[in-house]
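Counting begins at 1 with the first residue of the sequence. The model shown is predicted, which means the values in this text are computed figures rather than measured ones.
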Amino acid sequence: GSGGGGDGPPSTATHPHTFASYRALPVPDFISPPTAAALRLLHKLASDPGILGVMAKHKWSVPLLAEMPPEGKVGVSESCVLGYNVNAGQEIHLRLRTDDL
């Protein structure tokens, strides 16, 4: 909701240049970290002063910050990415989990 707990995403009222929504991967309960923890990490990243500063400087407003599946072995697989954007910044997807899920 609203409020200043610091655990949620930045307010679009306070920070017009931020992310409008967030989506973590739905994972079974036995997977760690759970979906809720991944969502908190997306909120934390979106609230980072450096990220907020860059987004404000460039006047970027991104509709979705999402978690991407951990596919490929980091530093080993030929096709292993840590993040990508969709449709010129309509969505930003970041890899939050290691490949040993």
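Here the straight-line distance linking atom CG of N87 with atom CG of L64 works out to 12.0 Å at 0.5 Å rounding. Atoms CG and NE2, from L52 and H17 in turn, are 11.5 Å apart once rounded to the nearest 0.5 Å. How far CZ of R40 is from OG1 of T35: 10.5 Å, rounded to the nearest 0.5 Å.
Nearest approach of E91 to H93, heavy atoms of both residues: OE1-NE2, 2.7 Å. Of all the heavy atoms in G89 and P63, the pair that sits closest is O-CD, 3.9 Å. Between P16 and S61, the shortest heavy-atom contact is O-OG, 3.0 Å. A38 and R97 get closest at one heavy-atom pair: CB-NH2, 3.6 Å.
Listed by chain and residue number, nothing satisfies the ring-ring contact (aromatic ring centres under 6.0 Å, His included) test with H15 (two or more places apart in sequence, or in another chain).
Within the 4.5 Å cutoff, side-chain heavy atoms of P70 are placed close to those of L25. The closest side-chain heavy-atom distance from T18 to P9 is not below 4.5 Å.
Taking Ile, Leu, Val, Met, Phe, Trp and Tyr as hydrophobic and joining them when side-chain heavy atoms fall under 4.5 Å apart, one finds V62 in a cluster with F19, Y22, L39, L41, L42, L45, I51, V54, M55, W60, L65, I92, L94, L96.
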